[in-house]
Amino acid sequence: MGEVINDFTVITGATRGLGHELATQMAAEGLPLCLIGRSTARLAPILDTASGQIIVAEADLARPQDILEIFPRALPKGARIGCLINNAGCFSETEETTFLQLHHDLQVEISMVNGFAVAALTHAAHPFLTTGSLIVNVLSDMAFPRHWEGTYPHYCAAKAYALAFTVNAAPALHREGIRMIGVDPGWMRTDMGGPDAPDDPAEVASAIRRMISKRMELTPGSIYHALSGVKTAPI
Ligand SMILES: NC(=O)c1ccc[n+]([C@@H]2O[C@H](COP(=O)([O-])OP(=O)(O)OC[C@H]3O[C@@H](n4cnc5c(N)ncnc54)[C@H](OP(=O)(O)O)[C@@H]3O)[C@@H](O)[C@H]2O)c1
(Lines give C-alpha, C1' and ligand atoms only; values in the text may rest on other atoms or scores of the structure.)
Protein backbone atom coordinates (compact mmCIF):
# COMPACT_ATOMS: atom_id res chain seq x y z
CA MET A 1 0.00 0.00 0.00
CA GLY A 2 1.74 3.17 -1.17
CA GLU A 3 1.73 6.59 0.48
CA VAL A 4 -0.06 9.23 -1.54
CA ILE A 5 1.75 12.36 -0.53
CA ASN A 6 2.20 14.16 -3.83
CA ASP A 7 -1.45 14.31 -4.76
CA PHE A 8 -3.80 17.09 -3.68
CA THR A 9 -4.54 17.71 -0.06
CA VAL A 10 -8.05 19.09 0.25
CA ILE A 11 -8.79 21.37 3.22
CA THR A 12 -12.25 22.68 4.03
CA GLY A 13 -12.66 25.81 6.13
CA ALA A 14 -9.27 27.08 5.01
CA THR A 15 -10.22 30.77 5.33
CA ARG A 16 -9.91 31.02 9.12
CA GLY A 17 -8.75 29.26 12.28
CA LEU A 18 -7.33 25.74 12.18
CA GLY A 19 -7.99 25.26 8.46
CA HIS A 20 -6.12 28.47 7.66
CA GLU A 21 -3.15 27.31 9.76
CA LEU A 22 -3.10 23.92 8.05
CA ALA A 23 -3.28 25.56 4.63
CA THR A 24 -0.54 28.09 5.45
CA GLN A 25 1.84 25.43 6.78
CA MET A 26 1.20 22.99 3.94
CA ALA A 27 1.48 25.73 1.29
CA ALA A 28 4.86 26.73 2.72
CA GLU A 29 5.91 23.09 2.33
CA GLY A 30 4.99 23.26 -1.36
CA LEU A 31 2.27 20.59 -1.18
CA PRO A 32 -0.40 20.67 -3.91
CA LEU A 33 -3.54 21.95 -2.20
CA CYS A 34 -7.22 22.33 -2.97
CA LEU A 35 -8.65 24.87 -0.54
CA ILE A 36 -12.40 24.99 -0.11
CA GLY A 37 -14.21 28.00 1.28
CA ARG A 38 -17.11 30.32 0.66
CA SER A 39 -15.16 33.56 1.15
CA THR A 40 -12.09 32.67 -0.85
CA ALA A 41 -10.70 36.23 -1.03
CA ARG A 42 -9.32 35.52 2.45
CA LEU A 43 -7.01 32.91 0.93
CA ALA A 44 -4.95 35.50 -0.99
CA PRO A 45 -2.06 35.64 1.53
CA ILE A 46 -1.61 31.87 1.25
CA LEU A 47 -1.61 32.00 -2.53
CA ASP A 48 0.98 34.79 -2.49
CA THR A 49 3.53 32.75 -0.53
CA ALA A 50 2.87 29.21 -1.81
CA SER A 51 5.51 27.39 -3.82
CA GLY A 52 3.30 24.48 -4.94
CA GLN A 53 0.09 24.28 -6.94
CA ILE A 54 -2.96 25.65 -5.13
CA ILE A 55 -6.52 25.36 -6.35
CA VAL A 56 -9.19 27.44 -4.70
CA ALA A 57 -12.74 26.11 -4.84
CA GLU A 58 -15.70 28.15 -3.71
CA ALA A 59 -18.44 26.20 -1.98
CA ASP A 60 -20.97 26.67 0.76
CA LEU A 61 -20.86 23.38 2.64
CA ALA A 62 -24.38 23.93 3.91
CA ARG A 63 -25.52 23.35 0.30
CA PRO A 64 -25.42 19.69 -0.82
CA GLN A 65 -25.40 20.73 -4.49
CA ASP A 66 -22.18 22.74 -4.00
CA ILE A 67 -20.54 19.63 -2.51
CA LEU A 68 -21.64 17.36 -5.36
CA GLU A 69 -20.11 19.66 -7.95
CA ILE A 70 -16.94 20.66 -6.17
CA PHE A 71 -14.27 18.13 -7.20
CA PRO A 72 -15.13 17.54 -10.88
CA ARG A 73 -15.23 21.34 -11.26
CA ALA A 74 -12.10 22.20 -9.28
CA LEU A 75 -9.59 19.41 -9.84
CA PRO A 76 -7.61 18.94 -13.05
CA LYS A 77 -8.26 15.84 -15.14
CA GLY A 78 -6.52 12.79 -13.68
CA ALA A 79 -5.90 14.47 -10.31
CA ARG A 80 -6.07 12.38 -7.16
CA ILE A 81 -6.81 13.34 -3.57
CA GLY A 82 -4.09 12.09 -1.23
CA CYS A 83 -5.65 13.64 1.84
CA LEU A 84 -9.08 15.13 2.54
CA ILE A 85 -9.29 17.22 5.71
CA ASN A 86 -12.92 17.81 6.67
CA ASN A 87 -12.20 20.74 8.94
CA ALA A 88 -14.91 23.36 8.32
CA GLY A 89 -17.12 23.97 11.31
CA CYS A 90 -19.96 26.24 12.31
CA PHE A 91 -21.07 27.21 15.80
CA SER A 92 -23.44 29.65 17.53
CA GLU A 93 -23.28 30.91 21.10
CA THR A 94 -27.08 31.24 21.00
CA GLU A 95 -27.23 27.48 21.39
CA GLU A 96 -25.65 27.59 24.85
CA THR A 97 -28.62 29.19 26.51
CA THR A 98 -31.59 29.12 24.22
CA PHE A 99 -31.34 26.91 21.15
CA LEU A 100 -35.05 27.49 20.53
CA GLN A 101 -34.18 31.01 19.35
CA LEU A 102 -31.68 29.73 16.81
CA HIS A 103 -32.70 30.93 13.35
CA HIS A 104 -33.78 28.16 10.97
CA ASP A 105 -30.98 28.96 8.52
CA LEU A 106 -28.41 28.56 11.30
CA GLN A 107 -29.99 25.29 12.44
CA VAL A 108 -29.50 23.98 8.90
CA GLU A 109 -25.96 25.36 8.59
CA ILE A 110 -24.73 23.95 11.91
CA SER A 111 -26.25 20.56 11.14
CA MET A 112 -24.97 20.45 7.56
CA VAL A 113 -21.46 21.86 7.89
CA ASN A 114 -20.47 19.93 11.03
CA GLY A 115 -22.39 16.77 10.17
CA PHE A 116 -23.69 15.79 6.75
CA ALA A 117 -21.01 17.69 4.82
CA VAL A 118 -18.40 15.28 6.20
CA ALA A 119 -20.25 12.33 4.66
CA ALA A 120 -21.17 14.19 1.47
CA LEU A 121 -17.58 15.32 0.87
CA THR A 122 -16.35 11.77 1.41
CA HIS A 123 -18.76 10.54 -1.27
CA ALA A 124 -17.85 13.40 -3.61
CA ALA A 125 -14.13 12.80 -3.11
CA HIS A 126 -14.33 9.01 -3.50
CA PRO A 127 -13.73 8.89 -7.29
CA PHE A 128 -10.50 10.86 -6.67
CA LEU A 129 -9.24 8.80 -3.73
CA THR A 130 -6.79 5.97 -4.15
CA THR A 131 -4.89 3.36 -2.17
CA GLY A 132 -3.04 5.20 0.58
CA SER A 133 -5.40 8.19 0.68
CA LEU A 134 -6.30 9.54 4.11
CA ILE A 135 -9.47 11.30 5.31
CA VAL A 136 -9.19 13.36 8.50
CA ASN A 137 -12.46 14.47 10.07
CA VAL A 138 -12.05 17.30 12.57
CA LEU A 139 -14.52 16.54 15.34
CA SER A 140 -14.91 18.06 18.82
CA ASP A 141 -15.13 16.76 22.36
CA MET A 142 -18.82 17.71 22.03
CA ALA A 143 -19.20 14.75 19.64
CA PHE A 144 -18.86 12.39 22.60
CA PRO A 145 -21.90 11.65 24.82
CA ARG A 146 -19.66 11.84 27.90
CA HIS A 147 -19.26 15.58 27.23
CA TRP A 148 -22.93 16.36 26.62
CA GLU A 149 -24.12 18.91 29.18
CA GLY A 150 -27.55 19.88 27.88
CA THR A 151 -26.19 22.72 25.74
CA TYR A 152 -25.39 23.27 22.04
CA PRO A 153 -27.82 20.54 20.86
CA HIS A 154 -27.41 21.15 17.12
CA TYR A 155 -23.61 21.36 17.29
CA CYS A 156 -23.36 18.25 19.52
CA ALA A 157 -25.75 16.31 17.28
CA ALA A 158 -23.92 17.30 14.11
CA LYS A 159 -20.47 16.45 15.50
CA ALA A 160 -21.87 13.15 16.79
CA TYR A 161 -23.07 12.47 13.23
CA ALA A 162 -19.54 13.05 11.96
CA LEU A 163 -18.14 10.82 14.72
CA ALA A 164 -20.56 7.99 13.91
CA PHE A 165 -19.82 8.38 10.20
CA THR A 166 -16.08 8.21 10.86
CA VAL A 167 -16.29 5.02 12.92
CA ASN A 168 -18.79 3.26 10.65
CA ALA A 169 -17.55 4.31 7.21
CA ALA A 170 -13.89 3.56 7.97
CA PRO A 171 -14.00 -0.26 7.52
CA ALA A 172 -15.42 -0.16 3.96
CA LEU A 173 -12.96 2.57 2.97
CA HIS A 174 -10.10 0.62 4.52
CA ARG A 175 -10.97 -2.38 2.34
CA GLU A 176 -10.11 -0.07 -0.58
CA GLY A 177 -6.85 0.96 1.07
CA ILE A 178 -8.23 4.35 2.21
CA ARG A 179 -7.88 5.38 5.86
CA MET A 180 -10.45 7.53 7.65
CA ILE A 181 -9.79 8.90 11.14
CA GLY A 182 -11.30 11.51 13.45
CA VAL A 183 -9.34 14.20 15.29
CA ASP A 184 -10.38 16.07 18.41
CA PRO A 185 -8.54 19.40 18.00
CA GLY A 186 -8.97 20.51 21.62
CA TRP A 187 -10.04 24.02 22.59
CA MET A 188 -8.23 26.49 20.31
CA ARG A 189 -7.84 30.26 20.15
CA THR A 190 -9.80 30.85 16.94
CA ASP A 191 -12.94 32.80 16.09
CA MET A 192 -14.88 29.75 17.23
CA GLY A 193 -12.85 28.94 20.36
CA GLY A 194 -12.40 32.55 21.50
CA PRO A 195 -9.36 34.30 23.01
CA ASP A 196 -9.35 32.39 26.32
CA ALA A 197 -8.85 28.96 24.79
CA PRO A 198 -5.62 27.24 25.91
CA ASP A 199 -4.50 25.74 22.59
CA ASP A 200 -2.69 27.48 19.75
CA PRO A 201 -4.22 26.54 16.36
CA ALA A 202 -0.75 26.68 14.76
CA GLU A 203 0.46 23.95 17.17
CA VAL A 204 -2.68 21.89 16.58
CA ALA A 205 -2.13 22.21 12.81
CA SER A 206 1.49 21.04 13.21
CA ALA A 207 0.32 18.06 15.28
CA ILE A 208 -2.24 17.10 12.62
CA ARG A 209 0.44 17.39 9.91
CA ARG A 210 2.71 15.05 11.90
CA MET A 211 -0.19 12.61 12.15
CA ILE A 212 -0.79 12.83 8.40
CA SER A 213 2.89 12.18 7.69
CA LYS A 214 2.67 8.95 9.71
CA ARG A 215 -0.60 7.90 8.13
CA MET A 216 0.28 4.22 7.90
CA GLU A 217 0.43 4.06 11.71
CA LEU A 218 -3.11 5.40 12.11
CA THR A 219 -5.89 2.95 12.92
CA PRO A 220 -8.86 3.42 10.58
CA GLY A 221 -12.02 4.54 12.38
CA SER A 222 -10.10 5.75 15.44
CA ILE A 223 -10.37 9.17 17.02
CA TYR A 224 -7.12 10.89 18.05
CA HIS A 225 -6.58 13.87 20.30
CA ALA A 226 -4.51 16.22 18.13
CA LEU A 227 -1.87 17.56 20.53
CA SER A 228 -1.28 14.36 22.55
CA GLY A 229 -1.75 11.98 19.64
CA VAL A 230 -3.58 9.68 22.05
CA LYS A 231 -6.56 7.66 20.82
CA THR A 232 -9.80 8.56 22.54
CA ALA A 233 -12.77 6.24 23.03
CA PRO A 234 -15.62 7.07 20.63
CA ILE A 235 -18.34 7.03 23.32
N1 LIG B 1 -11.98 26.28 18.12
C2 LIG B 1 -12.19 25.31 18.98
O3 LIG B 1 -11.92 25.42 20.17
C4 LIG B 1 -12.76 24.00 18.49
C5 LIG B 1 -13.06 23.03 19.45
C6 LIG B 1 -13.53 21.79 19.03
C7 LIG B 1 -13.70 21.55 17.68
N8 LIG B 1 -13.43 22.52 16.78
C9 LIG B 1 -13.61 22.19 15.35
O10 LIG B 1 -12.40 22.46 14.67
C11 LIG B 1 -12.69 22.86 13.31
C12 LIG B 1 -12.01 24.19 13.04
O13 LIG B 1 -12.56 25.14 13.93
P14 LIG B 1 -12.01 26.64 14.02
O15 LIG B 1 -11.96 26.96 15.46
O16 LIG B 1 -10.84 26.81 13.15
O17 LIG B 1 -13.26 27.43 13.41
P18 LIG B 1 -13.34 28.91 12.80
O19 LIG B 1 -12.15 29.71 13.12
O20 LIG B 1 -14.69 29.43 13.18
O21 LIG B 1 -13.31 28.62 11.22
C22 LIG B 1 -14.34 27.88 10.66
C23 LIG B 1 -14.05 27.64 9.19
O24 LIG B 1 -15.15 26.87 8.65
C25 LIG B 1 -15.66 27.55 7.51
N26 LIG B 1 -17.10 27.41 7.31
C27 LIG B 1 -18.09 27.64 8.21
N28 LIG B 1 -19.28 27.48 7.64
C29 LIG B 1 -19.05 27.15 6.33
C30 LIG B 1 -19.88 26.90 5.21
N31 LIG B 1 -21.21 26.95 5.28
N32 LIG B 1 -19.29 26.57 4.03
C33 LIG B 1 -17.95 26.55 3.91
N34 LIG B 1 -17.10 26.79 4.93
C35 LIG B 1 -17.65 27.10 6.12
C36 LIG B 1 -15.36 29.03 7.77
O37 LIG B 1 -15.41 29.73 6.55
P38 LIG B 1 -15.86 31.29 6.45
O39 LIG B 1 -14.61 32.09 6.67
O40 LIG B 1 -16.42 31.41 5.08
O41 LIG B 1 -16.91 31.52 7.53
C42 LIG B 1 -13.96 28.94 8.38
O43 LIG B 1 -12.99 28.81 7.38
C44 LIG B 1 -14.23 22.89 13.22
O45 LIG B 1 -14.69 21.69 12.68
C46 LIG B 1 -14.66 23.03 14.65
O47 LIG B 1 -15.98 22.55 14.86
C48 LIG B 1 -12.97 23.74 17.14
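Whatever order the structure lists them in is the order used to number ligands and atoms, beginning at 1. Sequential numbering from 1 along the given sequence is applied to the chain's residues. Computation of the quantities below employed the complete heavy-atom set of this structure, encompassing side-chain atoms and omitting hydrogens, waters and symmetry-equivalent molecules.
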With heavy atoms and a 4.0 Å threshold, my read on which part of Lys159 contacts ligand 1 is side chain
Fit a plane to each ring of Tyr155 and Tyr152, take the angle between them on a 0 to 90° scale, and name the class: parallel (under 30°), tilted (30 to 60°) or perpendicular (over 60°). perpendicular
closest protein heavy atom to atom 5 (C) of ligand 1 is Gly186 O, 3.0 Å
Return the residue, atom name and 0.1 Å-rounded distance of the protein heavy atom closest to atom 15 (O) of ligand 1. Thr190 OG1, 2.5 Å
For Ser39, is the nearest heavy atom under 4.0 Å from an atom of ligand 1? yes
Any N/O pair Cys90/ligand 1 closer than 3.5 Å: no
Test item, Ala117 contacting ligand 1 (heavy atom, 4.0 angstrom): no
Looking only at heavy atoms, which two atoms of Ala202 and Gln25 are closest? And how far apart? O-NE2, 3.0 Å
Evaluate the side-chain contact (heavy atoms from CB on, under 4.5 Å) criterion for residues Phe71 and Ile36: first the C-alpha distance (whole Å), next the side-chain angles of each, then the deciding distance (0.1 Å), finally the verdict. CA-CA 10 Å; Phe71 296 121; Ile36 298 179; 4.1 Å; yes
Among all the protein's non-hydrogen atoms, which is closest to atom 36 (C) of ligand 1, and how far away is it? Arg16 NH2, 3.6 Å
Among all protein non-hydrogen atoms, which one is nearest to atom 37 (O) of ligand 1, and what is the separation to 0.1 Å? Thr15 OG1, 3.1 Å
Minimum non-hydrogen distance to atom 12 (C) of ligand 1, winning option of Leu22, Asn87, Val113: Asn87
Please list the nearest protein heavy atom to atom 35 (C) of ligand 1 with its residue and the distance rounded to 0.1 Å. Arg38 NE, 3.9 Å
Can you tell me if Arg63 contacts ligand 1 (heavy atom of the residue under 4.0 Å from the ligand)? no
Once rounded to the nearest 0.5 Å, what's the spacing between atom CZ of Arg179 and atom CD of Glu217? 9.5 Å
In terms of its nearest heavy atom to atom 22 (C) of ligand 1, the top option of Ala14, Gly89, Gly17 is Gly89
Pro201 near ligand 1, heavy-atom distance under 4.0 Å? no
Atom 32 (N) of ligand 1 sits nearest the protein heavy atom Leu61 N, 2.9 Å
Has ligand 1 got any nitrogen or oxygen that is less than 3.5 angstrom from a nitrogen or oxygen of Ser140? no
Backbone N or O of Pro198 within a donor-acceptor pair of the Trp187 side chain at under 3.5 Å? no
State if Phe91 counts as touching ligand 1 under the rule of any non-hydrogen atom under 4.0 Å. no
As an exercise, identify every atom of ligand 1 less than 4.0 angstrom from a heavy atom of Gly13. 23 (C), 24 (O), 25 (C), 43 (O)
In a table with atom names and distances, give each donor-acceptor pair under 3.5 Å that connects a side chain of residues 42-52 to protein atoms at least two apart or in another chain.
from  : atom 1 : to    : atom 2 : distance (Å)
Thr49 : OG1    : Pro45 : O      : 3.2
Thr49 : OG1    : Ile46 : O      : 3.3

Ligand 1 and Asp141, any nitrogen or oxygen pair closer than 3.5 angstrom? no
Give a yes/no verdict on whether any heavy atom in Ala62 is under 4.0 Å from an atom of ligand 1. yes
I'd like to know if the side chain of Arg146 and the backbone of Ala233 have a donor-acceptor N/O pair within less than 3.5 Å. yes
Report, in ascending order of atom number, the atoms of ligand 1 lying under 4.0 Å from any heavy atom of Asp60. 30 (C), 31 (N), 32 (N)
Under 4.0 Å from any heavy atom of Leu139, which atoms of ligand 1 are there? 7 (C), 8 (N), 9 (C)
Closest non-hydrogen protein atom to atom 3 (O) of ligand 1, residue and atom name please, with distance? Met188 N, 2.8 Å
Could you work out, for atom 10 (O) of ligand 1, the closest of Val138, Ile110, Asp199, Asp184 by heavy-atom distance? Val138
Check whether more than 12 heavy atoms from other residues, nucleotides or ligands sit under 6.0 Å from atom CZ of Arg209, and answer yes or no. yes
What side-chain donor-acceptor pairs closer than 3.5 Å can you find for residues 219-230, not counting sequence neighbours?
from   : atom 1 : to     : atom 2 : distance (Å)
Thr219 : OG1    : Lys231 : NZ     : 3.1
Ser222 : OG     : Thr219 : O      : 3.2
Tyr224 : OH     : Thr219 : N      : 2.7
His225 : ND1    : Ser228 : N      : 3.3
His225 : ND1    : Ser228 : OG     : 3.1
Ser228 : OG     : Val230 : N      : 3.1

So is Arg42 close enough to ligand 1, meaning a heavy atom under 4.0 angstrom away? yes
Minimum-distance protein heavy atom relative to atom 34 (N) of ligand 1: Ala88 CB, 4.1 Å
Distance, nearest 0.5 Å, that separates CD of Glu95 from OG1 of Thr151: 8.5 Å
Ignoring hydrogens and angles, state whether a donor on the side chain of Thr94 or Gln101 is under 3.5 Å from an acceptor on the partner side chain. no
